[in-house]
Amino acid sequence: MSTDVTARTPAPAPPGKSGAGAGDGLLRLLLDGMRRNMRQYGMLIALGLIVALFAVWTDGDLLLPRNVSNLVLQNSYILILAIGMMLVIISGHIDLSVGSLTAFVGSMAAVFMVRNDMPWPLAVVLCLAVGALAGRYRGSSSPTAAYRRSS
């Protein structure tokens, strides 16, 4: 019983990845991947740098559980707004003016309560009224409202 054994020759290496420079090809591959994905990961990298910077500036207090809890509680209305806007953006009815209106109404509430010494329940009612009026005006002039009227 005999078996035919042939000598196998190694396959040629791809261009740029042969011999001693094999590490250069891997480095080039990583750099090309980073360049292609920089737009996608740029915000995450910026967030990481900001967290690292403030962690150094605050001597590590930034990432303590009580501070993270306070940040989430103080920004919970923004999280709720972002979840609602995500549904609007995904469905294709993009309207990013909600953020500017929220900032305007929030600053208006602060001016009412701090500079004008208005009681907070009255400031809340006035701000809700302003927000509703602005939403009504924006809703009547949006392209989707014009489409609904024409059909």
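In what follows, residues are counted from 1 in the order of the sequence shown. Keep in mind it's a predicted model, so treat the numbers as computed, not measured.
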Under 3.5 Å, which donor-acceptor pairs link side chains of residues 78-90 to any protein atom two or more places apart or in another chain?
none

With sequence neighbours excluded, residues passing side chain to side chain donor-acceptor pair (under 3.5 Å) with D32: R35
Test side chain to side chain donor-acceptor pair (under 3.5 Å) applied to R36 - qualifying residues, sequence neighbours left out: none
Straight-line distance of F104 CZ to C127 SG, nearest 0.5 Å: 8.5 Å
May I have the list of side-chain donor-acceptor pairs in residues 41-66 shorter than 3.5 Å, sequence neighbours left out?
residue: T58; atom: OG1; partner: F54; partner atom: O; Å: 2.7
residue: T58; atom: OG1; partner: L62; partner atom: N; Å: 3.2

Less than 3.5 Å apart, which donor and acceptor atoms pair up between the side chains of residues 109-117 and the rest of the protein, not counting sequence neighbours?
none

Members besides L133 in its Ile/Leu/Val/Met/Phe/Trp/Tyr cluster (side-chain heavy atoms under 4.5 Å): none
For A134 against L101, the heavy-atom pair lying closest together: CB-CD1, 3.6 Å
Residues in side-chain contact (heavy atoms from CB on, under 4.5 Å) contact with L128, at least two apart in sequence or another chain: V124
Heavy-atom side-chain contact between M108 and L126 under 4.5 Å: no
side-chain contact (heavy atoms from CB on, under 4.5 Å) partners of V125, counting only residues at least two apart: none
